[in-house]
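The structure appears below as structure tokens.
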Amino acid sequence: MNRNLCQFFECDLVYLHLRIIFTSPNEVDDFLAGYCDLHGLYATQMFVNHSLLDGDELFNISPIDCAVMWTQDPQMIRVLYKWGADTSIPTINERVNNNENSVLPYRN
């Protein structure tokens, strides 16, 4: 986690995605609590709703999308909701990601 919010924001977001994929919900909750302590609640709520852009497929992958695709634990979704995650944010193609017919590509 970096103290300079603007300069390393995307690095922190990638790190959040990695924590969602490879760690427990409690560890993600602790990470977001630390982020909130450094940057404030409003910045943390914006952080958990900011997406990484897949430039090849033109999809936005939000932390909640990452959790849905990469974890079997419903507690991970609850942790993200606790910090303000919103499922109604459309992708760059203006499609809402929770459509059953839309499968999001997410490559390593």
Ring centroids only, cut at 6.0 angstrom: are Phe9 and His50 within range, meaning strictly under it?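 Yes; His50 has its ring centre under 6.0 Å from that of Phe9.
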Going by heavy atoms in the side chains, are [X] and [Y] under 4.5 Å from each other?
X	Y	answer
Ile20	Leu80	yes
Tyr35	Leu16	no
Lys82	Leu32	no
Phe47	Trp83	no

Looking only at heavy atoms, which two atoms of [X] and [Y] are closest? And how far apart?
X	Y	answer
Cys66	Ile61	N-CG2, 4.3 Å
Leu13	Pro63	CD1-CG, 4.0 Å
Thr44	Cys36	OG1-CA, 3.1 Å
Met76	Thr23	CE-O, 3.6 Å

Main-chain N/O of Asp86 paired with Asn49 side-chain donor or acceptor, under 3.5 Å: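 Flag set: sc Asn49 to bb Asp86 pair under 3.5 Å.
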Decide whether Met46 and Val28 are clustered together by the hydrophobic rule: side chain heavy atoms of Ile, Leu, Val, Met, Phe, Trp, Tyr closer than 4.5 Å, transitively. no
Group every Ile, Leu, Val, Met, Phe, Trp and Tyr by side-chain heavy-atom contacts under 4.5 Å, then state whether Trp70 and Val48 land in the same group. yes
Say you draw a straight line from CD of Gln45 to CG of Leu41; how long is it, rounded to the nearest 0.5 Å? 4.0 Å
Applying salt bridge (charged side-chain N to carboxylate O under 4.0 Å, His left out) as the test, list every pair that has at least one member in residues 32-44; sequence neighbours left out. none
Could I get the full list of side-chain contact (heavy atoms from CB on, under 4.5 Å) partners for Phe22, not counting sequence neighbours?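 side-chain contact (heavy atoms from CB on, under 4.5 Å) list for Phe22, sorted by chain: Leu18.
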Checking Asp73 now: which residues fulfil side-chain contact (heavy atoms from CB on, under 4.5 Å) with it, not counting sequence neighbours?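 Once residues adjacent in sequence are excluded, the partners of Asp73 under the side-chain contact (heavy atoms from CB on, under 4.5 Å) criterion are Pro25, Thr71, Gln75.
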Results of side-chain hydrogen bond (donor to acceptor under 3.5 Å, both in side chains) for Ser24 - residues two or more places apart only: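 Applying side-chain hydrogen bond (donor to acceptor under 3.5 Å, both in side chains) to Ser24 gives Glu27.
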